[in-house]
Amino acid sequence: TRVLLTGGSGFIATHVLNVLLKQGHSVVTTVRSQDKADKIRKAHSSFGKDKLDFSIVEDIAVEGAFDNAVKSDPPFEAVIHTAGPFHFNVTDVQKQLLDPAILGTAGILKSIKKSAPTVKRVVITSSFAAIMNPFKGNWPEHTYSEVDWNPMTHEQALMNAAFAYTGSKLFAERAAWDFVEKEKPNFTLATLAPPFVFGPVTHNLTSLNALNTSNQLINGFVQGSYKDGIPPTITFLWTDVRDLALGHVLAMEKPEAGGKRFFFAAGYFTNKVMVDIIRKNFPEYNDRLPGPQDQGGDYPAEGVYKLDNSQTKQVLGIEFTPFEKTIVDTVNSLKTVGV
Ligand code: NDP
């Protein structure tokens with residue numbers, strides 16, 4: 001399949017690109033600079049231009065940002081849209097978080113409808129943020145699934161950077177489903193909603209300063225940032241980036257994935273379990289970790305929400321990686337960058 005992958009320099013997209021190339025697809029990926037394109041090209045030097053090519057899209061929030069990127073010869077049959085800001089280093093939440101997510105998503109769908117009628121499937125990386133109700137806390141009596149939508153309003157999303165990120169994912173996913181309903185394009189849509197994504201960082205990363213947001217928790221432990229106490233667990237659900245990458249490609253390939261939203265959660269975790277795994281597997285970091293007697297970061301006494309990931313398992317056929325393997329592989333990959 002001829003595929004357009006957005007945000008190819010990102011943590012998740014790097015893994016999506018690996019799966020696409022391994023499975024023989026022909027990929028054009030958007031990046032923000034030639035320098036990023038060159039790095040990715042170098043990491044995949046055995047693939048020719050027909051299998052891997054680049055298109056520069058500096059800012060997905062700009063009107064018409066994808067107008068050129070969606071045009072290709074041979075034409076695209078599928079688009080995987082992962083690009084979007086996931087960090088909290090912002091001064092203007094509307095411009096830096098909400099706009100790129102929402103306008104970027106609506107924008108690419110508009111460009112596809114206008115200029116790439118051969119595209120039959122669009123896959124979008126949404127988030128558990130678009131599912132979970134942030135006003136319900138641990139909500140032990142509730143089971144989250146694809147039918148849930150975060151009830152946050154735009155006004156609430158402006159309250160702080162964490163809410164703005166949450167809102168950016170919610171409104172972007174809603175905009176995508178609304179677009180399909182109203183515009184009736186040639187393509188069908190599939191969205192993937194992962195919670196905390198952990199997993200190996202890859203060769204494109206040259207410094208830990210550029211480490212993606214979700215892996216910063218693991219990095220924080222091995223760097224000794226939480227030596228004095230395990231921080232409270234914020235989200236109790238996680239998924240492995242390699243499973244998620246495969247999920248994107250399967251959601252693109254499988255006809256029956258069209259029109260579906262996938263709650264892409266492998267299972268539960270706590271920060272306490274994470275530290276226990278690092279302590280057991282990497283004794284060399286023990287003097288940087290909170291001690292085994294530290295009771296922080298555990299499940300709350302009342303329990304937490306449940307998860308129903310059956311649609312992801314059944315339709316996509318995903319077998320989730322165990323948490324311990326993910327954490328061990330992630331720490332090993334951080335070592336190669338310089339922990
Ligand atoms: P990264 O920060 O590693 O990747 C984000 C990608 O989006 C980068 O390639 C980045 O480019 C690009 N990007 C961000 N803003 C813009 C913009 N305004 N214009 C053009 N490109 C932009 O994060 P992840 O890989 O973790 O995130 C990928 C997607 O997955 C996001 O949509 C995120 O919301 C979603 N997600 C992530 C989760 C996680 O735990 N990691 C959980 C749930 C969803 P550059 O690096 O050049 O700035």
Side-chain angles (χ1 to χ4, degrees), residues 5-18 29-40 54-63 65-66 69 80-90 92 94-105 107-108 123-132 150 161-162 164-173 175-176 191-202 204-219 234-235 237-245 247-248 261-266 269 326 330:
L5 170 69
T6 69
S9 58
F11 165 56
I12 294 171
T14 302
H15 287 272
V16 176
L17 180 61
N18 288 346
T29 187
T30 68
V31 283
R32 306 179 86 164
S33 66
Q34 188 57 44
D35 179 51
K36 292 192 180 183
D38 294 343
K39 281 205 183 97
I40 299 172
F54 299 90
S55 178
I56 311 279
V57 176
E58 274 173 30
D59 186 1
I60 57 176
V62 171
E63 172 85 35
F66 289 104
I80 302 180
H81 179 50
T82 74
F86 181 24
H87 59 86
F88 303 107
N89 182 19
V90 291
D92 181 335
Q94 182 68 47
K95 279 212 168 66
Q96 293 170 281
L97 293 176
L98 290 151
D99 284 352
I102 304 164
L103 302 178
T105 301
I108 196 167
V123 177
I124 292 179
T125 319
S126 183
S127 169
F128 180 44
I131 288 183
M132 86 172 295
N150 179 345
Y165 171 69
T166 300
S168 80
K169 299 308 291 179
L170 165 67
F171 305 136
E173 192 189 343
T191 62
L192 278 68
F196 246 119
V197 184
F198 301 122
V201 296
T202 50
N204 298 332
L205 196 69
T206 45
S207 148
L208 284 170
N209 295 332
L211 184 64
N212 71 287
T213 300
S214 50
N215 273 331
Q216 283 171 14
L217 180 62
I218 301 173
N219 189 44
I234 299 166
T235 298
L237 300 176
W238 74 285
T239 211
D240 184 291
V241 70
R242 295 159 294 189
D243 298 344
L244 180 61
H248 279 77
R261 191 179 189 217
F262 296 98
F263 183 21
F264 208 99
F269 84 102
T326 301
T330 308

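For this chain, numbers begin at 1 and follow the sequence in order. In listed order, ligands and their atoms are each counted from 1.
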Check whether any side-chain heavy atom of M132 sits under 4.5 Å from a side-chain heavy atom of L237, and report yes or no.
no
Using modelled atom types only, decide if a donor and an acceptor are shared between the side chain of E173 and the backbone of K169 within a distance under 3.5 Å.
no
Select one of side chain, backbone, both or neither to describe which atoms of S9 lie under 4.0 Å from any atom of ligand 1, heavy atoms only.
both
So, H15 side chain and P200 main chain: donor-acceptor pair closer than 3.5 Å or not?
yes
For atom 42 (C) of ligand 1, tell me which residue out of S127, P195, A13 has the closest non-hydrogen atom.
P195
Polar proximity ligand 1 side, G10 side, N/O cut 3.5 Å exclusive:
yes
Can you tell me if F198 has a non-hydrogen atom under 4.0 Å from ligand 1?
no
For P100, the atoms of ligand 1 under 4.0 Å from one of its heavy atoms are 18 (N)
Check whether the side chains of H87 and T213 place a donor and an acceptor atom closer than 3.5 Å, and report yes or no.
no
What atoms of ligand 1 come closer than 4.0 angstrom to any heavy atom of S214?
39 (C), 40 (O), 41 (N)
Can you list the ligand 1 atoms lying under 4.0 Å from a non-hydrogen atom of N212?
3 (O)
Contact check, S126 vs ligand 1, heavy-atom distance below 4.0 Å:
yes
F196-ligand 1 polar pair, N/O distance under 3.5 Å
no
Counting both backbone and side chain atoms, is some N or O of P194 under 3.5 Å from an N or O of ligand 1?
no
Run the numbers for me: atoms of ligand 1, each under 4.0 Å from some heavy atom of K36, listed by number.
45 (P), 46 (O), 47 (O)
Between Y165 and ligand 1, find which residue part has any heavy-atom pair under 4.0 Å and reply side chain, backbone, both or neither.
side chain
Would a distance-only check, ignoring hydrogens and angles, find a side-chain to backbone donor-acceptor pair under 3.5 Å from T105 to A176?
no
Within-cut-off N or O pair, I60 and ligand 1, under 3.5 Å
yes
For atom 7 (O) of ligand 1, tell me which residue out of G84, G7, G104, A210 has the closest non-hydrogen atom.
G84
How about F86 and F11: are their ring centroids closer than 6.0 Å?
no
Please check if the side chain of T330 supplies one atom and the backbone of G199 the other of a donor-acceptor pair under 3.5 Å.
yes
Any atoms of ligand 1 less than 4.0 Å from a non-hydrogen atom of E58? List them with their elements.
19 (N), 20 (C)
Heavy-atom nearest option to atom 11 (O) of ligand 1, drawn from R32, H15, Q216
R32
Tell me whether the rings of F88 and Y165 are parallel (<30°), tilted (30 to 60°) or perpendicular (>60°).
perpendicular
Which ligand 1 atoms are under 4.0 Å away from a heavy-atom of F11?
1 (P), 3 (O), 25 (O), 26 (O)
Taking 4.0 Å as the limit for heavy-atom contacts, which would you say applies to T82 with ligand 1: side chain only, backbone only, both, or neither?
backbone
Out of H81, K95, K169, who is nearest to atom 32 (O) of ligand 1 when you count heavy atoms only?
K169
